[in-house]
Amino acid sequence: MIPPLTSQLAVLQQSEYEWDKFMEWKAAHKNDKAVVEPKAWTIKLKFLKLWSVLFPLRAGVLLIAIPQALFQNIVILLASIKLRVLQKRGLRVIAIAGSYAKTSTKNILAHILKPQYAVRVTPGNINTLFGIAREILSLSSRDQIFIAELGEYNPGDLAKFVRLLSPQYKILTNIGVAHLERFKTKTALEAEFHSFAAESTANYQMSNVHVSRSGTEADVDIDGEEVHVFVPLLGKHNIENAASCMKLATKFGITLAQSATALQSLPYVQYRMEPMLLENNVLVINNGYNSNPDSAQRALEVLHEIDGTQKVIITPGFVELGSISQEANTEFGKQIAKVADIVVLMRGANQDDIRLGLNQTHFKNTNVYEADTESEAMEKIKEKIKPGAVILFENSLMEIYKIN
């Protein structure tokens, strides 16, 4: 027995049509009858559905890959030519790379610069070479600054981005172990970022840091100049991200005081420590976009620091960590035990490893639950939640990573 075709196509789409990753999931789900719906029935997916009626699915994937690669290379070439023309006319390009916090840093920098400049950024989570190239083709002569978020997935990716963008400025955010599964070793991952050779990180010191339900504030000394910074985002790491952006903004004639004023109206980034207030003053923090050991530790710091009658975490743990996955998720369980009163583990990949960490710290088994969906998780604990509690959703697991 094999999973339904609809599920296979959905997972193939989630795996970005990487056949080996798709086959790994398929082998682990050979007796699975559940249907997973695709994110969207694209033309590509509709073609593969029709093709698979008469021919092997892999042949259809290969058939599509050849003209698709040709088309993408043409788009990238045209984008490179257009960008050089715009740069000669004065367009300044900023590239942002790192293991995590790229999207947040991109949005912070754009928010600071927009009052004085015509700024374009790569939209949403678009960070591939082809995605950035398509955005470049939509640039106009009116645009003064282009900020691109770079998504490194394989060795050599950042060099390709730099060749396309030829950025005048670079920001390197935090380096962690995200995507270690693809890079195989931490040495290879770190070498990828070091090759990026970003601008020097701002010299800054923080004091009087305070995290509340309304945001985070601190006194920040940047290169000898002190300024009070408030951002309506949760966590001192957002002040750290802001400091680098404030320093770079001075190269565009924007003072630290002007940056601090702009930061007061900074919008939330969806699914990245995004707060939502429920009835009975229950605060939900949605950090579901992605997770790795470094960013999760910062999320747990917020959960610890923020006011709440009760601390709850709902999580599937980490993925794409390769050989360190079990160790990292077990350690995550130990860290959770220091902060949370109630834990809900999402079934599918890491629940046993996280539970092991919880057990090793003697966390109460009666306060640990398991669920298949986030709605089921909330249903299981709704009677346990006190008024004024804080609930953290840390990561959200796609079907491609569910191996059980």
Side-chain angles (χ1 to χ4, degrees), residues 1-73 99 125 127-131 150-161 176-189 191-192 290-292 316-329 347-350 353 395-404:
M1 183 180 294
I2 60 174
L5 177 60
T6 298
S7 297
Q8 292 185 58
L9 293 172
V11 171
L12 188 61
Q13 185 183 64
Q14 288 181 20
S15 62
E16 297 180 342
Y17 301 93
E18 292 186 20
W19 190 257
D20 290 343
K21 186 173 288 292
F22 164 71
M23 288 302 294
E24 181 182 350
W25 175 89
K26 187 176 177 181
H29 290 77
K30 57 186 177 182
N31 295 319
D32 195 346
K33 298 180 181 180
V35 176
V36 181
E37 290 293 334
K39 291 184 292 184
W41 280 101
T42 61
I43 294 175
K44 183 175 182 178
L45 211 60
K46 290 177 180 177
F47 168 79
L48 289 175
K49 182 177 182 180
L50 292 173
W51 174 274
S52 61
V53 174
L54 298 174
F55 306 104
L57 183 57
R58 185 174 189 181
V61 173
L62 292 173
L63 184 65
I64 289 176
I66 297 172
Q68 179 175 281
L70 178 61
F71 172 71
Q72 290 183 352
N73 286 334
S99 296
N125 304 317
N127 58 17
T128 65
L129 203 64
F130 177 64
L150 315 183
E152 77 298 328
Y153 293 98
N154 296 289
D157 279 355
L158 289 181
K160 295 176 184 177
F161 284 118
V177 292
H179 309 309
L180 185 61
E181 182 181 42
R182 296 171 184 263
F183 280 83
K184 306 304 181 185
T185 67
K186 287 185 67 175
T187 301
L189 184 61
E192 180 75 8
N290 203 346
S291 185
N292 61 70
F318 314 127
V319 297
E320 289 195 341
L321 295 186
S323 60
I324 70 167
S325 180
Q326 182 176 1
E327 176 187 354
N329 281 291
R347 298 189 189 99
N350 307 301
D353 297 330
N395 206 4
S396 184
L397 203 62
M398 294 191 298
E399 295 299 321
I400 187 63
Y401 296 116
K402 295 182 179 179
I403 59 175
N404 292 339

Would you say CD of E37 has more than 12 non-hydrogen atoms from neighbouring residues, nucleotides or ligands within 6.0 angstrom? yes
Name each donor-acceptor pair under 3.5 Å that joins a side chain in residues 45-66 to protein atoms two or more places apart or in another chain, with its distance.
from	atom 1	to	atom 2	distance (Å)
W51	NE1	P56	O	2.8
S52	OG	L48	O	3.1
S52	OG	K49	O	2.9

Donor-acceptor check, side chain of N395 to backbone of P316, threshold 3.5 angstrom: yes or no? no
Give, for atom CE of M23 and atom OG of S15, the distance between the pair rounded to the nearest 0.5 Å. 11.5 Å
I324 side, atom CD1; F318 side, atom CZ - distance, nearest 0.5 Å: 9.5 Å
Measure across N350 and S325 and return the closest heavy-atom pair with its distance rounded to 0.1 Å. OD1-OG, 3.9 Å
For Q8, what residues pass the side-chain hydrogen bond (donor to acceptor under 3.5 Å, both in side chains) criterion, not counting sequence neighbours? K26
Q72: what forms a side-chain contact (heavy atoms from CB on, under 4.5 Å) with it, not counting sequence neighbours? Q68, F130
